[in-house]
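Taking it in order: structure first as C-alpha cells, then the write-up.
What's counted below: heavy atoms across the whole structure, side chains too, no hydrogens, waters or symmetry copies. In what follows, residues are counted from 1 in the order of the sequence shown.
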Amino acid sequence: MTAPRIVHGGSIAAAAARFGGRPEDWLDLSTGINPTPVALPEIDVAAWHRLPDRHRQDEARAAAAHYYGTPNALPLPVPGTQSVIQLLPRLVPAGRRAAVLVPTYGEYARVLDNAGVAVDRIDNLDAATDAHGLVVVVNPNNPTGRLFDRETLLALHARVSARGGLLIVDEAFGDLRPKTCIAPLAGDGTPGLLVFRSFGKFFGLAGLRLGFVIGESAVLDRIEDGLGPWAVSGPALTIATKLMASDTGPIRDAIATRKAALDAALAAGGLDVIGGTGLFSLVEHPDAAAINHRLCRHRILVRPFDYNPRWLRFGLAPDSAGDKRLAEALADRAG
C-alpha cells in the first residue's frame with residue numbers, strides 16, 4: 001500500500017480556496033525559507049540557450065566545496081535534495097532495514113516505505129542497531145530544531161559504517177550553524193557517510209530546486225546516474241556558483257533580525273517557542289488547532305502537524321509589516 005502524500009508548507013492556493021482571498025493576499029509563514037531572497041546575479045544567455053555544459057557543473061561543485069568547507073569532496077549538485085531522497089531505497093543494502101530519527105521531515109520514511117524497505121522510526125540514536133543498513137538524521141532537525149554535535153554524529157557514523165551501513169545526515173538548515181555541520185568531514189576518506197545540503201532555504205530561492213550531496217565519489221556517481229543527464233539547469237548552476245562565492249554575512253544578519261522579530265511576535269501572542277532553527281520557530285499550545293484556524297481566517301498560513309496536534313511551526317515574515325500582521329492576528333481572540 002502506498003503511503004499517503006504528506007501535506008507540506010507552502011500550500012497557499014489550497015488555503016485560499018478554503019478560507020478565501022487570492023493567494024497573493026496571504027502571508028505565508030508555513031515554510032522554513034529565507035523570506036527575503038537575495039538578488040539574482042547576472043546569468044549569461046548561453047546558460048538559458050544550451051544544455052548545462054560540464055564546465056558549469058564543475059564550477060558549481062568547486063564553489064560548493066569552498067562554501068561548505070569540504071576539502072575531501074566535491075559536492076554533487078542535484079535538483080533539490082528531495083530528488084535524492086527518492087533514490088535512497090537503492091542505497092539500502094539487501095536484507096537490511098532503515099532507521100529514521102523522528103519526529104522529522106516525513107518524506108524519508110514515506111519514500112522508503114513505498115519502496116518496500118522496512119523502516120523503523122526511532123526516537124534516539126542508540127536505537128540504531130546492526131539490522132539497520134541506512135540511518136537518517138536531520139540536523140538541525142525539522143521541525144523541532146534538535147541538534148547534535150559533530151562528535152555525536154561521528155560516533156553514530158562509526159557504528160553504522162562498521163556494519164557496512166550508510167548514515168545520511170540532512171543539513172538543510174545547517175547554513176546558520178556551520179560549526180555543528182558534519183559536511184566538512186564527508187568524502188572519500190569517510191566511507192558510509194552522505195550529507196545533504198539545501199541551497200534554496202538559506203538564499204531564499206527554493207523555486208530554483210537546487211541542493212548538494214556530499215560523500216564518497218562512488219556513491220555520488222550512483223546518485224548522478226540515478227538522476228540522469230542534465231538534472232540541474234544551467235541557470236541554477238550559474239546562480240549557485242556566484243552566490244556561494246559572495247559575502248553571505250548580510251544574509252545571515254537579515255535572517256537573525258527576522259527571527260528575533262518572529263519570536264517577539266509569538267511571545268506577545270502568548271505562545272511559547274519550544275524549538276526551531278534560524279529560519280522557523282516551533283510552538284506548542286493545547287489550542288493549536290484553533291489558533292491555526294484563526295490565523296487562516298486572517299489569511300496567515302502556518303504549518304500544523306497531524307502527528308502532534310499541539311504543534312505549530314512559524315516561518316519568518318519578510319518585513320515588519322508581516323510581523324505586525326501576525327501579532328494582530330494572534331491578539332484577535334474573536335478572529
Side-chain angles (χ1 to χ4, degrees), residues 57-58 60-78 81-94 96-101 104-105 108 112 117 122 124-141 146-199 202 210-227 240 244:
Q57 185 175 94
D58 292 343
R61 297 186 76 168
H66 176 75
Y67 179 75
Y68 295 127
T70 59
N72 300 316
L74 288 174
L76 175 70
V78 297
T81 50
Q82 180 62 46
S83 66
V84 186
I85 293 175
Q86 304 298 132
L87 300 178
L88 286 186
R90 304 184 185 188
L91 302 182
V92 181
R96 304 283 293 278
R97 304 175 68 86
V100 179
L101 187 64
T104 196
Y105 182 60
Y108 282 103
L112 292 164
V117 177
I122 61 176
N124 66 85
L125 299 184
D126 290 338
T129 70
D130 291 350
H132 297 126
L134 184 143
V135 178
V136 178
V137 179
V138 180
N139 195 62
N141 188 47
R146 175 191 60 218
L147 186 66
F148 297 106
D149 58 31
R150 285 180 178 174
E151 290 71 25
T152 299
L153 292 176
L154 284 174
L156 174 63
H157 166 258
R159 290 198 291 119
V160 173
S161 62
R163 303 188 294 265
L166 178 64
L167 172 63
I168 307 291
V169 180
D170 183 334
E171 296 181 342
F173 293 97
D175 295 67
L176 297 169
R177 302 295 297 268
K179 292 184 179 180
T180 66
C181 290
I182 201 171
L185 306 179
D188 285 330
T190 315
L193 175 64
L194 203 61
V195 179
F196 294 172
R197 297 297 297 254
S198 169
F199 179 84
F202 175 75
L210 179 65
F212 289 88
V213 180
I214 306 160
E216 297 176 85
S217 55
V219 178
L220 297 188
D221 288 345
R222 291 181 62 187
I223 292 171
E224 188 172 22
D225 184 63
L227 292 173
M244 288 190 295

**Prompt:** Sub-3.5 Å donor-acceptor pair from the side chain of Arg222 to the main-chain atoms of Arg90, do we have one?
**Reply:** yes
**Request:** Identify the two heavy atoms, one from Asn72 and one from Ala186, that lie closest to each other, and give their separation to 0.1 Å.
**Result:**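 The pair with the smallest heavy-atom distance is CB-O, 3.7 Å.
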Starting at [atom1] of [X], measure out to [atom2] of [Y] and round the result to the nearest 0.5 Å.
| X | Y | atom1 | atom2 | answer |
| --- | --- | --- | --- | --- |
| Leu156 | Glu151 | CG | CD | 13.5 Å |
| His157 | Leu185 | NE2 | CG | 10.0 Å |
| Leu76 | Ser217 | CG | OG | 11.0 Å |
| Asp225 | Ile223 | CG | CD1 | 11.0 Å |
| Leu101 | Asn139 | CG | CG | 9.5 Å |
| Ile85 | Leu112 | CD1 | CG | 9.0 Å |

**Pair Tyr108-Asp170, side-chain hydrogen bond (donor to acceptor under 3.5 Å, both in side chains): steps then yes or no** = CA-CA 10 Å; Tyr108 282 103; Asp170 183 334; 2.7 Å; yes
**Asked** Do Asp175 and Tyr67 have side-chain N/O donor and acceptor atoms under 3.5 Å apart?
**Response**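 Result is yes, a qualifying pair exists.
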**Request:** Indicate whether the side chain of Asp149 and that of Thr180 have a donor and an acceptor atom separated by less than 3.5 Å.
**Result:**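 Short answer, no.
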Minimum side-chain heavy-atom gap [X]-[Y] below 4.5 Å:
| X | Y | result |
| --- | --- | --- |
| Leu167 | Val137 | yes |
| Pro75 | Tyr68 | yes |
| Ile168 | Val135 | no |
| Val195 | Arg197 | yes |
| Arg61 | Phe212 | no |
| Ile182 | Glu171 | yes |
| Thr129 | Arg163 | no |
| Val100 | Ile122 | no |

**Asked** Per the side-chain contact (heavy atoms from CB on, under 4.5 Å) rule, which among Val78, Val136, Val84, Val138 passes with Phe196?
**Response**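 One option only clears the test, and that one is Val84.
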**Asked** Does a sphere of radius 6.0 Å around CZ in Arg159 hold more than 12 heavy atoms from other residues, nucleotides or ligands, not counting ones at 6.0 Å or beyond?
**Response**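 More than 12 within 6.0 Å, yes.
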